[in-house]
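To start, the structure itself, in structure tokens.
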Amino acid sequence: MGLLDILLGRTKPVGADLDRLFALPSAAVTLEAAAGFTPTGQGAVCFATVEGAAFEQSHREVQALLDADSDRDGPPVELRQDDYGYSWLVSRRSPDQLSVLVNDLHAVNSQMEVNGFGPQLLCSLAGFEGRSGRRLALVYLYKRGTFYPFAPLPDGTERRDNPLELQVRAALSDDLRLEPDLGRWFPVWGAPGL
């Protein structure tokens, strides 16, 4: 950042810090105590798809890396596309293996970065479920290095439970670096892993 940036009031964007993902297991304990949500064992990494052999090779490497885990007792890592054209690499573990799921998410993000596809990374999420079957995701914004809660209403419409999201924000403020700009709490409708 140069002198001209300072004079014009420009700030350097916050960079990704993938190690923040490792705070999710302790945040899950707080989330369960405060709001009754427990991990589902599902998580996903979202990225903008790029055409080309290098990207396909990188995707295959990431998938092979995670599928090689001999402790994986569920389905293999799965690549899915959403209705908006974004790709999601979905990992499923048992609900009591949140720290292993976080390792999966971290490995996907790290491998994409190493292969030069960091700019295509958008977000990662870990799914949670309430006692009444309600769904919630803790979403990590790659380019901001922050988290936010996403709580769709259970009625099947594309509407959010804003009071629940704000309750979760208050509960997790000491556990996670939360996104302060509510305008960046983007909905992830139909996200696999949620």
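These numbers come from the heavy atoms of this one structure, side chains and all, not from hydrogens, waters or symmetry mates.
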Supply the atom-to-atom distance Ser99 OG to Leu21 CG, rounded to the nearest 0.5 angstrom. 13.0 Å
With heavy-atom distances below 4.5 Å as the criterion, would you say the side chains of Ser87 and Leu79 are in contact? yes
Say you draw a straight line from CG of Leu98 to CG of Leu138; how long is it, rounded to the nearest 0.5 Å? 9.0 Å
Side-chain heavy-atom pair Tyr148, Phe186 within 4.5 angstrom cut-off: yes
Around atom CG of Asp83, are there more than 12 heavy atoms from other residues, nucleotides or ligands closer than 6.0 Å? no
Check for a donor-acceptor pair, side chain of Glu129 on one end and backbone N or O of Thr40 on the other, with a separation under 3.5 Å. no
Tell me whether Glu179 is salt-bridged to Arg169, with the criterion being a basic N under 4.0 Å from an acidic carboxylate O. no
Determine yes or no for a side-chain-to-main-chain donor-acceptor pair under 3.5 angstrom, with Asn115 supplying the side chain and Phe117 the backbone. no
Can you find a heavy atom in the side chain of Tyr142 that is under 4.5 Å from one in the side chain of Val45? no
Checking Lys143 side chain against Pro119 main chain: does a donor-acceptor pair fall under 3.5 Å? yes
Charged N-O contact under 4.0 Å between Asp181 and Arg144: no
Exercise: do Ser132 and Arg134 side chains pair donor with acceptor under 3.5 Å: no
Please evaluate residues Trp185 and Phe147 with respect to the criterion ring pair (Phe, Tyr, Trp, His ring centres under 6.0 Å), reporting the C-alpha separation (whole Å), side-chain torsions for both, the decisive distance (0.1 Å), and the verdict. CA-CA 9 Å; Trp185 289 23; Phe147 290 88; over 10 Å; no
CZ on Arg135 to CG on Asp161, rounded to 0.5 Å: 15.0 Å
Is Arg92 reaching over with its side chain to a backbone N or O of Gly41, donor-acceptor style, under 3.5 angstrom? no
